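Read through the structure below, which is laid out as structure tokens, and then see the notes.
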Amino acid sequence: MPTILGQNQYGKAENRVVKITRDGATHHIKDLNVSVALSGDLSDVHLTGSNANCLPTDTTKNTVFAFAKEYGIESAEQFGIHLARHFVTSQEPIKRARIRIEEYGWERIASSDANSKFIGSDEVNHSFARKGQETRVTQITYDGEKWEVISGLKDLVVMNSTNSEFWGYIKDQYTTLQEAYDRILATQVSGRWRFNWTDDDQRMPNWERSYEQTRKHMLEAFAETYSYSLQQTLYQMATRIINHRSEIDEVRFSLPNKHHFLVDLEPFGLKNDNEVYYAADRMYGLIEATVLRDGATAQIPVDMTNL
């Protein structure tokens with residue numbers, strides 16, 4: 001039975017590169033996990049085993065490290081753009097490059113009031129602790145003409161201890177959930193946003209500032225929304241981003257509802273006045289939605305599992 005080769009790509013995944021920038025005694029860290037996927041005129045390597053059009057995955061790995069030295073890492077987005085442009089423009093068989101990057105944050109450890117002079121250091125500007133919050137992510141795709149940049153974050157846990165309700169929902173013979181008029185609202189945010197920068201003739205966004213401001217508006221919306229459902233909060237978070245960041249046309253969130261249930265303390269003769277909760281990590285409601293700027297077309301995949 002004849003077969004036909006379908007979509008295919010290859011590259012080196014999860015290249016961990018840490019770049020230290022030494023500004024005198026003050027150091028700065030960029031810690032990335034970079035995955036490269038290349039596609040194009042690659043039929044022969046599958047059909048006949050010919051490697052004539054195949055750039056070794058080891059070479060793509062070496063390029064990641066070399067570019068960290070040659071160009072530095074201003075931002076995850078800028079670094080991914082450098083890589084994607086290089087692979088598409090330097091290798092004729094390669095027609096499309098997709099670069100996925102996770103960035104792990106570090107924060108500077110402050111020195112003591114004595115500035116650690118007892119060990120001979122006047123000022124400490126080179127010590128860091130790994131941030132325990134979100135992982136920043138980006139995906140850059142380039143086909144030689146058009147760019148697509150989708151950035152975001154994952155694993156950011158947030159909570160409102162009040163100003164959240166949930167009632168008025170459908171009830172049938174299987175409904176046991178009690179209506180709540182003052183509840184904890186908590187979630188672990190996984191979000192992606194798509195930039196409307198698509199070609200080199202446009203002004204490129206300031207990627208670092210964009211991420212900082214997008215995160216700020218997202219968190220402000222979470223904190224300031226009096227919530228009647230996590231769906232409502234999600235919409236407000238995405239809307240706040242689009243209204244304040246003109247470089248972003250599309251936002252998608254996947255928000256698991258990290259349920260907190262009041263513990264029944266009456267068997268112990270105690271009244272639980274919205275004070276003691278049981279935090280359940282399984283099972284959970286999962287709320288997902290895309291919010292678009294008016295006139296924009298959705299391009300972020302519905303399933304963000306591998307994005």
Side-chain angles (χ1 to χ4, degrees), residues 132-135 137 152-194 213-245 248-305 307:
Q133 285 287 332
E134 78 272 11
T135 298
V137 297
L153 54 79
K154 62 181 181 179
D155 300 331
L156 176 60
V157 180
V158 294
M159 173 192 288
N160 285 330
S161 58
T162 190
N163 285 356
S164 175
E165 305 179 18
F166 189 62
W167 52 271
Y169 43 81
I170 295 172
K171 301 177 182 68
D172 65 11
Q173 66 269 35
Y174 302 113
T175 302
T176 60
L177 183 69
Q178 299 297 306
E179 293 187 336
Y181 297 89
D182 185 7
R183 67 170 184 168
I184 287 177
L185 181 68
T187 187
Q188 183 170 309
V189 180
S190 178
R192 303 293 186 274
W193 41 89
R194 180 176 55 81
Q213 290 295 307
T214 299
R215 183 182 185 277
K216 178 179 78 75
H217 290 302
M218 178 191 72
L219 291 178
E220 287 176 350
F222 178 83
E224 296 170 6
T225 299
Y226 192 105
S227 179
Y228 293 96
S229 67
L230 185 52
Q231 288 91 329
Q232 175 201 11
T233 299
L234 180 155
Y235 184 76
Q236 291 301 318
M237 291 163 65
T239 297
R240 182 84 67 100
I241 291 170
I242 290 175
N243 286 343
H244 286 83
R245 303 307 305 174
I248 293 171
D249 277 357
E250 178 184 4
V251 178
R252 183 166 180 82
F253 281 121
S254 178
L255 304 181
N257 198 335
K258 298 180 76 68
H259 298 296
H260 289 70
F261 299 108
L262 278 170
V263 177
D264 181 9
L265 300 178
E266 289 188 3
F268 318 121
L270 300 172
K271 181 180 180 181
N272 192 354
D273 189 16
N274 290 337
E275 296 169 291
V276 181
Y277 296 82
Y278 165 67
D281 63 350
R282 298 288 188 280
M283 53 197 67
Y284 53 83
L286 182 60
I287 313 304
E288 299 178 307
T290 297
V291 178
L292 299 160
R293 188 178 301 282
D294 188 21
T297 302
Q299 297 180 34
I300 299 175
V302 170
D303 184 358
M304 300 192 301
T305 304
L307 177 59

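Please read these numbers as outputs of a predicted model, since none were measured by experiment.
- Closest of all the heavy-atom pairs between L185 and S164 is CB-OG, 3.6 Å.
- Under the side chain to side chain contact (heavy atoms under 4.5 Å, CB included) criterion, N243 pairs with T239, not counting sequence neighbours.
- Between A186 and H260, the shortest heavy-atom contact is CB-CE1, 3.7 Å.
- Taken from CD in E179 to CG in L177, the straight-line distance is 8.5 Å, to the nearest 0.5 Å.
- Considering only heavy atoms from C-beta on, W193 comes within 4.5 Å of L153 through its side chain.
- Atom CG of L292 is separated from atom CG of D249 by 8.5 Å, given to the nearest 0.5 angstrom.
- Residues forming a side chain to side chain contact (heavy atoms under 4.5 Å, CB included) with Q231 (at least two apart in sequence, or on another chain): S229, I287.
- Counting only heavy atoms from C-beta outward, the side chains of R240 and E224 approach each other to under 4.5 Å.
- In this structure, E275 places its CD atom where more than 12 heavy-atom neighbours from other residues, nucleotides or ligands lie under 6.0 Å away.
- Evaluation of the ring-ring contact (aromatic ring centres under 6.0 Å, His included) rule for F261 yields H259 as partners, not counting sequence neighbours.
- Partners of Y226 according to the side chain to side chain contact (heavy atoms under 4.5 Å, CB included) rule, which considers only residues two or more places apart in sequence or in another chain, are N163, E165, Y228.
- Taking both residues in full, the closest heavy atoms of L255 and V189 are given as CD2-CA, 3.8 Å, listed atom of the first, atom of the second, then distance.
- T187 places a side-chain heavy atom less than 4.5 Å from the side chain of P256.
- The shortest side-chain heavy-atom distance between I241 and F253 falls under the 4.5 Å cut-off.
- Around atom CG of D294, no more than 12 heavy atoms belonging to other residues, nucleotides or ligands sit under 6.0 Å away.
- Partners of R245 under the salt bridge (charged side-chain N to carboxylate O under 4.0 Å, His left out) rule, at least two apart in sequence or in another chain, are E247.
- Under the side chain to side chain contact (heavy atoms under 4.5 Å, CB included) criterion, K271 pairs with no residue at all, not counting sequence neighbours.
- To the nearest 0.5 angstrom, E220 atom CD is 11.0 Å from T225 atom OG1.
- Proximity of a side-chain donor or acceptor of R194 to a complementary backbone N or O of I300 within less than 3.5 Å is not detected.
- Taking CG from L230 and NZ from K258, the interatomic distance works out to 12.0 Å, rounded to the nearest 0.5 Å.
- Note: N272 CG to L265 CG = 4.5 Å, rounded to the nearest 0.5 Å.
- When side chains are defined from C-beta on, L234 does not count as touching E288, because their heavy atoms never get closer than 4.5 Å.
- When the shell of 6.0 Å around OH of Y277 is examined, it contains more than 12 heavy atoms from other residues, nucleotides or ligands.
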